[in-house]
There are 2 protein chains.
Amino acid sequence: MSEKFKPVVTENKSRSERIVSQIKSLMFEGKLKPGDKLPPERELAEIMNVSRTSVREAIKTLSAMGLVVIRKGHGVFVEEANLGSVINKVGDALILKKEEIEQLFEIRKVLETQGARWAAERATKEERLYIDRLVSEAKEACQQSDIRVEVITNHDTIFHNAVIAASHNNVLGMVMGGLMEALMKVRAKTMKVPGRVNQSIIDHEEIARAIMARDGKKASRAMYDHIESVEKSIIRENATRE
Amino acid sequence: MSEKFKPVVTENKSRSERIVSQIKSLMFEGKLKPGDKLPPERELAEIMNVSRTSVREAIKTLSAMGLVVIRKGHGVFVEEANLGSVINKVGDALILKKEEIEQLFEIRKVLETQGARWAAERATKEERLYIDRLVSEAKEACQQSDIRVEVITNHDTIFHNAVIAASHNNVLGMVMGGLMEALMKVRAKTMKVPGRVNQSIIDHEEIARAIMARDGKKASRAMYDHIESVEKSIIRENATRE
DNA sequence: AACTTCGGTTGGTCATACCACATACCTATT
DNA sequence: AATAGGTATGTGGTATGACCAACCGAAGTT
């Protein structure tokens, strides 16, 4: 039999894919709003006339895309499909090759530098005070002898997030969130470099001062220096192993 | 029973999740490179001592994240991890709020401006010539009367991608790919604004000239002006509706 | 030589059973 | 009556085993 007798409309989509687009459509049309609970898998399978397997695979896909959240024993719930939820998932998917770490820092220098500038220019009084307090607390905590690395790492994350938040650009926060998550594995090690902790605190102090003074240019510059300093530590660390 | 008697290591991960991170680790360590073929599902299930179901759900997740591509009758193959693929799949359901669009453009100004600068400084001769040729072609195509909007929109995407690619920072490419995907829907409309097409071509020409001349500062500035010009068109368009 | 056929590999779907977690309700002990 | 404990039920998670559908390549046919 020759080629041309094959069915014309192939309908290439698999069943689970069709379920995915169907549910996405419902969300787009507003018939499924954030917070809504999807019918149980078994029920959904019956309604759509497919096996539970297919339904599960569809839901698994939607979950990986961040459009729904699965809660064992409760059900499947619709998530808000905003830029954030999507980009946040990106961190999971991002795998950093060693040569990409350098490029990531290039981006950080650009984005966080600008973020610090915006923070200095736009932060409310509360935000500025909060940032300042963060640094003070870290400085104190740092003087205790039994200080653990996790605490500092944690502070570092909070500090950077606070600055980004004060920049009043949510998209920036989302992007940085994704990138930092990807960098996490690498960064945990960084703080162990001798002197790194103290240097970071000093750097943060400088940045905070600039933001308090609402000096965008200075904040930007301080952030740049800080990131470059951290970068050198990480690159050096990573060069030793492998 | 008091809190402290709970098991210390909860190991919350489900089996499929564990398989996902296991495979991701292999990719991170370079033991699975793009193009590599994963063992068949049945085999994988046996190796890992789990059911085929779990393996399939794991692969489904990896696929949704864009880390692998599934080819029926062939097998599962490792893909290069790019941020765009994730967002790409969410596509229709993504809704950009107006304020997010503004913030997105703020980020674009920062990132693409820097990207243009890097492109001017780092592009190879071939890359520079390619960018230049792109603009020439678009200019010609633009003079035809029966020119369709899609063609120009397409050129615009290709041009911006080419500049980013010439910046020699892959991470930047991934981030921008994701962001632009999110902006797509909005942008398709922009080109319909009277005069927008011609203005874009002129802008691109200016950027290309600066890159050809390896003038980072000029390229950066030209890109900034271009994006700001596009932004105004989009904001104006979007303000009219809703 | 060109085409067809067929068997094996691999992902896709189905049906069923059972496990693990969460909640609400009910029971029995105090 | 108050509370600890169990139990029924609803929900997602996993395991089997069977079969379907796309693909490839080798063997067979014209």
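Sequence lines set the chain letters: A, B, ... in the order given, protein chains first and strands last, and positions in each chain run from 1.
- Checking the phosphate oxygens (OP1, OP2) of C:dT13, no side-chain nitrogen or oxygen of A:Ser51 falls inside 4.0 Å.
- For C:dT13, neither phosphate oxygen OP1 nor OP2 lies less than 4.0 angstrom from any side-chain nitrogen or oxygen of A:Arg56.
- Between the CD atom of B:Glu79 and the OG atom of B:Ser63 there is a distance of 9.0 Å, given to the nearest 0.5 Å.
- Residue order along DNA chain D, read from the 5' end via each residue's closest nucleotide, puts A:Ile59 first among A:Ile59 and B:Lys72.
- Note: NZ (B:Lys37) to C1' (D:dC24) measures 13 Å, nearest angstrom.
- Here A:Lys72 does not pair with B:Glu17 in a salt bridge; the nearest charged N to carboxylate O distance is not below 4.0 Å.
- Other residues, nucleotides and ligands contribute at most 12 non-hydrogen atoms within 6.0 Å of the NZ atom of A:Lys139.
- Separating the CD atom of A:Glu43 from the P atom of D:dT11 is a distance of 7 Å, rounded to the nearest angstrom.
- Rounded to a whole Å, the CD atom of B:Glu46 is 15 Å from the C1' atom of D:dA15.
- Residue whose closest nucleotide on DNA chain C sits further toward the 5' end, between B:Leu38 and A:Gly73: B:Leu38.
- For C:dC14, the OP1/OP2 oxygens have a side-chain nitrogen or oxygen of A:Ser54 closer than 4.0 Å.
- Distance CZ (B:Arg52) to P (D:dG17): 13 Å, rounded to an integer number of Å.
- A donor and an acceptor atom never sit less than 3.5 Å apart when one is taken from the side chain of A:Arg42 and the other from the base of D:dG10.
- Look at B:Glu137 and B:Arg133 and you find a salt bridge, because one of the NZ, NE, NH1 or NH2 atoms lies within 4.0 Å of a carboxylate O, short of that distance.
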Sequence neighbours excluded and cut-off under 3.5 Å, please list the side-chain donor-acceptor pairs for residues 31-38 of chain B, or say none.
unit_1: B:Lys31; atom_1: NZ; unit_2: B:Glu29; atom_2: OE1; d: 3.2
unit_1: B:Asp36; atom_1: OD2; unit_2: B:Lys33; atom_2: N; d: 2.8

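- Between A:His74 and C:dT23 there is a side-chain N or O to OP1 or OP2 distance below 4.0 Å.
- The distance from atom CG of A:Asn49 to atom P of C:dC14 is 9 Å, rounded to the nearest whole Å.
- Nearer to the 5' terminus of DNA chain C, by closest-nucleotide assignment, is the contact made by A:Thr53 (compared with the other of A:Arg71 and A:Thr53).
- Summarising the geometry, the separation between CD on A:Glu17 and C1' on C:dG12 is reported as 11 Å, rounded to the nearest angstrom.
- Atom-to-atom, CD1 of B:Ile19 to C1' of D:dG13 comes out at 12 Å; the value is rounded to the nearest Å.
- One interatomic measurement links the two molecules: CZ of A:Arg18 to C1' of C:dT13, which rounds to 12 Å at whole-angstrom precision.
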